> 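Here you go, one structure.
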Amino acid sequence: MAILELENVSKHFGAIQAVNDVSLTLERGEVVGLMGDNGAGKSTLVKVIAGDFRPSHGAMRMEGRELVLHKPIEAQQHGIEIVHQDLALCDNLTAAANVFLGREMRTGPGPFKILDYASMYRRAGEIFTELKSETRPRDLVRQMSGGQRQAVAIARTRLSQAKIILMDEPTAAISVRQVAEVLSLIQRLRDGGIAIVLISHRMPDVFAVSDRIVVLRRGRKVADKPIARSSPEEVTGLITGAIDNAI
Amino acid sequence: MAIELDVPIQHQEHTWLSWLASRQAFWVFLALIAACIFLTFATNSFATPNNLFNITRNFTFVAVIALGMTIVIITGGIDLSVGSVLCLCSMILAVVMHAGYNIEIGIVAAIGTALLIGAFNGVLIAYVGIPPFVVTLAMLSIARSLAMVASNNTVVFQFGPDHSKLLFLGGGALLFGISNPVIYMIVLALITGFTLRWTRFGRYVFAIGGNEKAAILTGVPVRRVKLAVYMISSLSAGIAGIIETGWLGAVTTNLGAGMELQVIAATVIGGANLAGGVGTAFGALVGSALIEVIRNSLGLLGINAFWQGAFVGAFIIIAVSFEHIRNLRQSD
């Protein structure tokens with residue numbers, strides 16, 4: 001059974017049709033590369049899945065059950081996590097503090113609970129090890145490379161045992177070596193059975209890790225096929241409109 | 001496997017010595033100690049019990065407010081109203097006690113006033129979204145005006161039936177000859193330090209100062225925390241006002257005028273970063289103490305008191321450029 005199904009989802013803002021009649025399925029342990037030009041509707045579609053927007057039309061199903069989201073926290077409760085493009089990290093805090101931000105572990109009797117530093121360092125360390133990242137729990141985020149920062153943002157999604165992770169441009173603005181690090185993170189998440197939607201402008205990255213590619217143009221889905229049966233040239237054509245569609 | 005994992009978990013960026021060396025508050029503390037040692041030998045009157053009693057008591061008023069200000073500054077905010085709030089709370093206490101009520105009622109009224117003003121600031125900043133600089137600048141004006149209204153711009157120096165209790169509260173020495181205000185300050189500093197390091201609230205204060213947008217996205221109740229932060233700041237001004245009233249034995253409507261700048265100076269010298277995200281309770285105390293020692297020593301060394309501002313200003317620049325240069329080196 002598909003972990004997530006979108007059926008004829010549309011989202012319009014007034015007269016603007018941001019997402020138009022898009023159907024999509026996402027399987028467990030699958031990486032779907034979501035591509036399209038600026039304004040093609042990628043971000044809107046992801047925000048619908050993350051509970052930021054309610055679809056104007058259409059339905060979503062998660063593991064076969066109807067999924068109606070009113071706000072982002074409900075998506076999180078269903079196991080849908082989003083890794084934001086700007087990563088939403090606090091530079092002045094440690095890696096562990098960032099991982100647990102808003103969900104701090106505490107210890108102590110009754111209302112006098114204090115932060116449980118030891119448990120948070122331990123758990124964060126376990127997650128980083130699991131992700132095979134060299135990020136260390138006590139390091140300040142300020143001193144980290146782009147790849148390590150990405151690992152911190154991804155580690156957050158591991159706290160909640162996410163089933164679906166939506167990643168918005170995870171490889172933009174980081175160095176080549178760090179890109180490799182992030183791509184291998186994505187592969188490890190997939191190997192753990194997590195479904196991933198990868199929004200990216202970087203064609204080589206999408207082709208390196210995706211199982212399937214979905215292209216949006218002006219709010220409509222114009223391609224949805226296994227990556228093996230597509231090519232960067234075809235995708236470029238689909239994004240720009242040189243190729244009408246490939247479904 | 002367990003051992004392999006322990007290495008990164010236990011890994012710390014610094015040994016405790018290098019950690020200490022990386023703290024601005026530590027260097028300012030050393031400067032403070034050095035100044036005290038110098039003054040002990042350079043003057044006959046610095047290290048006398050009387051003078052030390054005076055110094056420790058004098059800086060507590062600034063230090064108590066600096067504790068609250070530090071929390072505000074860590075969130076990336078500022079509170080310019082503290083001097084006026086101190087005056088208003090003193091005046092409320094004085095007027096209520098002068099009218100014949102006992103000291104408990106006077107203190108409740110003063111603390112209530114402080115919390116109300118803090119809540120007013122906090123709501124406008126956190127929920128309406130007006131910049132803290134603007135809101136608290138307005139409150140600086142409003143609170144002092146209210147103090148004048150409350151007292152009809154007179155000096156209050158008779159505090160009704162509990163007059164002597166109030167004077168003991170602010171001017172007495174309960175333990176081992178340490179003046180009471182110093183004890184309050186130490187207790188408040190310990191509470192502040194504990195809150196910042198060990199509570200979820202403290203963690204959120206730092207998170208908001210580090211990246212407010214990130215804090216919102218991760219579900220930190222940013223608006224509630226900010227509201228609380230401005231209430232704490234006003235509360236600290238109110239507490240300082242009550243103590244100072246007891247010490248002075250009289251309240252005038254220009255009490256605490258310009259104090260906000262002294263408090264902010266102390267906070268910044270103590271290592272708080274006006275851009276947010278950095279600051280400690282210890283730093284607030286050390287910064288306040290240093291300013292008072294400068295003030296005191298100029299008098300003892302026979303230097304014209306008009307130089308005080310120049311010395312304090314120089315220290316602000318020295319302390320901050322120290323931090324700045326260190327950061328430059330790190331980023332190379």
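Note that the coordinates shown come from a computational prediction; the quantities given were computed from them, not determined experimentally. Residue numbering restarts at 1 for every chain, and letters A, B, ... go by the order of the sequence lines.
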> Taking CZ in B/Phe29 as the centre, count heavy atoms belonging to other residues, nucleotides or ligands within less than 6.0 Å. Is the count above 12?
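Not buried by this count: 12 neighbours or fewer within 6.0 Å.
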> Got a second to check how far A/Met120's CE is from B/Arg203's CZ, nearest 0.5 Å?
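One finds 5.0 Å between CE of A/Met120 and CZ of B/Arg203.
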> Is the CZ atom of B/Phe133 crowded by more than 12 outside heavy atoms at less than 6.0 Å?
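Not buried by this count: 12 neighbours or fewer within 6.0 Å.
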> Provide the closest heavy-atom pair for A/Leu101 versus B/Ala207 in the form atom of the first, atom of the second, distance.
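Looking at all heavy atoms of both residues, the shortest contact is CD1-CB, 3.6 Å.
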> For the residue pair A/Leu115 and B/Arg197, what are the closest heavy atoms and their distance?
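So the two residues come closest at CD1-O, 3.8 Å.
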> Side chain, backbone, both or neither: which part of A/Met105 has an atom under 4.5 Å from a heavy atom of chain B?
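For A/Met105, no heavy atom lies under 4.5 Å from chain B.
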> If the condition is side chain to side chain donor-acceptor pair (under 3.5 Å), which residues does B/Lys226 pass it with, not counting sequence neighbours?
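Once residues adjacent in sequence are excluded, the partners of B/Lys226 under the side chain to side chain donor-acceptor pair (under 3.5 Å) criterion are B/Glu212.
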> Within the supplied structure, the quantity of interest is the number of heavy atoms (other residues, nucleotides, ligands) at a distance under 6.0 Å from A/Phe112 CZ; does it exceed 12?
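At most 12 heavy atoms, drawn from other residues, nucleotides or ligands, come within 6.0 Å of this atom.
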> Using a heavy-atom cutoff of under 4.5 Å, enumerate the residues of residues 183-191 of chain A that contact chain B, numbered in order, or state 'none'.
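Residues qualifying by a heavy atom under 4.5 Å from chain B are absent, so none.
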> If you count heavy-atom pairs under 4.5 Å with chain B, which of A/Asn98, A/Leu89, A/Asn92 comes out on top?
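Option with the greatest count: A/Asn92.
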> Taking NZ in A/Lys47 as the centre, count heavy atoms belonging to other residues, nucleotides or ligands within less than 6.0 Å. Is the count above 12?
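No, because the 6.0 Å sphere around NZ of A/Lys47 holds 12 heavy atoms or fewer from other groups.
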